[in-house]
Amino acid sequence: MKKKYFAVPTLLVALTVFLASCGSTDVVLNYSPGSLNDILDANPKLVVDNTEETHYYDLTVDGQTTLRISHDYSITGQEDLAIVTPLSPFVAAGLDVSNLSEGYRVDENMFYATGSYGDGTGLKDNATDSLFESVAFDRSNLTYHEELDHYGIVLQNGKFEYAKDADTNDKDIVFVLAADPLVALGVDVNNVEGWIFKTMDNPDGTNIDVLLKPYDL
Amino acid sequence: MNEIATKLKRVELDIDGMSCSACSAAVERVTKKLPGMVSAGVNLATNRGVFEYDPRLVKLTEIKAAIEKAGYVPREAHSETRDEEQEKREKALRMMRIRLVIAAVFSLPVLYIAMAHMFPKLGVPLPGFMSSHDFPLVFALVQLFLTVPVMLAGSKFFTVGLRTLVKGSPNMDTLVAIGTGSAFLYGIFATVKIYLGDFAFAQSLYFESAAVVITLVMLGKYLEAVSKGKTSEAIKKLLNLRPKTAVLLKNGIELEIPVDEVAVGDLVLVRPGGIIPVDGVVSEGLTTVDESMLTGESLPVEKQPGNKVTGGSINHEGLVKITVAYVGEDTALSKIIKLVEDAQGKKAPIAKLADVISGYFVPVVLVIAFLAAGVWAISGQDFNFVLTIFVSVLVIACPCALGLATPTAIMTGTGKGAELGVLIKGGEALESTQKITTVVLDKTGTITEGKPEITDMFIFIERDSKDILAMTASAERGSEHPIAKAIVNEAIKQNLTLSEPTDFQAIPGRGIQATVQGAKILAGNRKLMEEKGIALDVALTDEKELASRGKTLMFIAINGQMTALLAAADKVKPSSKEAIAQLKKMGIKVVMITGDHKETALAIGREVGIDEVLANVLPEHKAQEIQRLQDQGEKVAMVGDGINDAPALVQAHIGMAIGTGTDVAVESADIVLMRGELTEVSSAIALSRATMRNIKQNLFWAFIYNIIGIPIAAGGLFLFGGPLLSPILAGGAMAMSSVSVVSNALRLKRFRLK
């Protein structure tokens with residue numbers, strides 16, 4: 001009888017471990033690429049394939065703020081993903097470009113919030129598969145934001161979010177930049193033109209200040 | 001009528017599967033519908049039903065079938081020995097504990113996992129792979145797998161609850177089953193939805209509600225069972241008094257044999273410190289005996305050859321041999337156990353309201369739950385809100401508290417009474433006793449010892465008083481009258497030699513006449529002397545003086561000449577005065593009733609502090625006097641000990657018999673005072689008042705709990721901007737309501753007469 005009492009919890013612990021490791025139970029991972037594909041299929045002009053020239057897909061709504069996605073993480077040394085946005089609003093808000101920390105870079109006109117995820121699994125032939133190389137590197141780079149019904153791909157100092165169901169969501173694509181590192185770089189986060197400052201709730205109960213640029217497609 | 005009465009049968013059935021008063025009400029309902037069923041009473045606290053039926057119209061198998069059809073399992077009571085019953089009860093309690101531990105072990109992690117993300121600011125850690133946001137299906141499946149063992153541990157709620165629902169007599173288990181079952185099924189539905197990609201369902205799984213509610217209800221049921229066991233501790237204590245073996249003396253050899261094998265007439269040996277195994281008479285040896293467990297009297301009682309001893313009492317320092325008089329079910333202890341058991345199974349009238357409500361309670365709660373959920377759904381609330389309302393209403397409703405309020409208090413009260421030497425024969429007696437406004441006390445044997453002694457002797461001729469006493473005692477040897485016995489005892493005390501009388505004749509209501517050593521003796525009252533033409537002149541002065549002192553007189557004439565006047569007095573029991581003062585302090589009118597003439601009665605009345613005395617009342621008129629008091633609006637308790645008191649004991653609202661009195665009196669009474677002391681009358685009334693107060697408290701809280709709890713669970717507070725009650729809090733409140741009722745009843749165990 002006593003053996004049974006020990007057997008049941010042991011079985012349950014084993015079952016839990018199995019569930020956790022079992023890919024088919026990771027419904028967020030299973031469903032999230034499909035949602036992005038749905039958005040991209042519905043909006044074919046959203047992604048510009050520059051892989052031949054730059055090895056990146058560029059996902060942009062307004063032609064200015066863009067998510068750059070490497071099609072082969074092993075050859076894009078500088079960054080595998082990056083939110084690229086015009087530099088001038090940040091400079092105008094106080095950004096000290098001479099002292100950028102890790103996860104940021106700038107060029108003449110653009111400000112980059114970057115992410116690097118190792119060498120990846122090789123060449124990918126579409127933007128979605130390329131984007132999810134970051135998740136293959138580390139599953140925690142994929143999130144689900146229940147409040148907005150968004151999936152998110154985590155960059156070092158930002159996030160790219162997209163609607164789980166674009167048909168019902170009024171924020172189909174959202175670029176997110178963490179505010180605190182920018183504040184450390186001298187940016188007045190309340191006054192960055194084109195970006196919305198907001199304090200968001202994290203699932204772990206903490207708050208995070210962010211700059212958002214949402215798009216309704 | 002009598003013919004029918006003799007043909008009625010009575011059966012006691014243990015009924016398994018009852019969990020609340022709705023169950024006991026259902027069993028009563030279905031059995032009362034049977035043709036030929038005279039009465040059906042089911043006690044939830046003992047899980048036992050008593051059915052009286054006409055076997056010509058209904059068979060026992062049909063009664064059992066009706067109970068089974070209602071969803072319960074009947075077993076004939078006493079088909080097992082008490083030890084087996086005890087073992088079975090303990091095993092059931094052990095199983096309850098194991099199931100509770102299993103449920104608790106699995107529901108705690110479910111609660112932790114489910115609630116952790118709701119209180120993120122508390123910093124409650126949860127492994128990343130169980131995050132409700134990023135791994136919602138794992139989050140749901142882990143809870144599902146942890147909840148399954150809890151549902152299995154609480155499977156009885158579903159088997160019994162659904163079975164009784166199908167049979168049309170839903171009970172508390174039905175509410176729990178529907179409530180937690182809905183939550184669990186919704187959890188599975190939500191899990192499927194998550195699997196299909198609707199992750200929002202991770203925030204409304206309800207597995208924790210199902211698991212924790214079941215665990216809390218199980219905890220409540222377990223605590224209730226433990227407490228219920230304590231209410232019958234008095235019986236256990238009495239049962240533990242019975243030794244398993246006895247030392248039989250046969251042909252000078254000591255044999256230790258099982259007590260069941262001891263026969264009437266056997267001689268048994270009881271060593272110092274041993275328990276007297278059966279009822280009997282001391283045939284050899286001197287000792288003192290502790291009868292406290294039987295009578296509540298703490299002082300040991302001296303025993304010598306010829307004295308009666310009771311099985312279960314403890315022999316102190318002497319080695320005694322006892323001739324067995326009663327064995328088995330005929331012993332006083334067995335009768336007491338039976339009486340207390342029967343009493344604990346009998347309902348008090350105050351329980352009727354709770355019983356009636358219990359019969360409708362569960363269906364009404366089901367309707368309220370559906371209505372509340374429906375109204376909130378129509379008002380536009382989402383499905384999660386509606387489900388929360390539905391589950392909360394079902395699990396907060398607690399018919400158990402209603403059902404337990406009365407029987408647990410009665411069990412504890414009657415058990416406490418037994419410990420104090422006050423045997424109360426059921427809830428009705430207990431309830432009626434608290435309403436008593438007048439106590440009528442029989443004089444002889446109740447206020448007094450009932451053993452008159454000779455106090456005075458006046459001689460009117462020139463003859464030695466010892467001769468006269470010896471002759472009178474010889475003449476009275478054949479008489480059963482207490483005064484005659486007092487004369488014989490006095491002669492024995494003075495070591496006088498008694499002769500055998502001839503021509504003995506008892507003259508009812510007068511006295512006796514007999515011939516002793518050729519002398520014609522007449523002994524009796526004034527009437528006898530007058531009828532026999534004896535001149536009483538010489539005795540007139542003494543007669544008047546003795547009568548004024550309350551003495552009972554006996555005139556003695558030898559050979560037609562007034563010879564002597566004997567006076568006897570019955571000593572007042574040492575505790576009578578104090579007991580009467582206690583009753584008066586409680587606001588109760590005390591009346592003495594006696595067949596003695598007025599002077600004697602008034603003298604005793606003055607001695608003990610009784611103002612109202614009913615004297616010269618013939619035995620057959622005692623009941624009429626009680627009736628007269630009742631007609632004046634008094635609630636009357638009659639306390640007596642003799643056969644002649646039986647009609648009055650029956651006529652009174654409450655009959656209290658002195659336990660040392662006759663069997664007829666004991667059987668006619670509602671309450672038996674085992675110690676034979678009048679102080680037990682006030683104990684009985686005070687205990688009755690305390691028990692009824694306790695029952696009223698229990699019923700009040702049980703009603704209030706449901707009256708307040710159900711509307712809150714139905715969203716009453718939310719309607720006015722307050723919070724919505726979670727099913728977990730509802731389940732916890734429900735569990736605690738019945739525990740609090742039983743705990744309150746257990747307070748009676750601490751009853752002390754102030």
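Chain identifiers are assigned alphabetically (A, B, ...) following the order of the sequence lines, protein sequences preceding nucleic acid strands; residue numbering begins at 1 within each chain.
The local environment of CZ in B:Arg163 is crowded, with over 12 non-hydrogen atoms from other residues, nucleotides or ligands closer than 6.0 Å.
Taking 4.5 Å as the limit, some side-chain heavy atom of A:Val27 sits within range of a side-chain heavy atom of B:Pro136. Inter-residue side-chain proximity for A:Val28 and B:Phe135 is flagged as unmet; no heavy-atom pair is nearer than 4.5 Å.
Judged by distance alone, the side chain of A:Tyr31 and the main-chain N or O of B:Tyr195 form a donor-acceptor pair under 3.5 Å.
A distance of 11.5 Å separates CD1 in B:Ile194 from OG1 in A:Thr25, rounded to the nearest 0.5 Å. Note that CD of A:Glu146 and CG of B:Asp134 are 11.5 Å apart. Values are rounded to the nearest 0.5 Å.
The two residues B:His133 and A:Tyr144 make their nearest non-hydrogen contact at O-CB, 3.2 Å.
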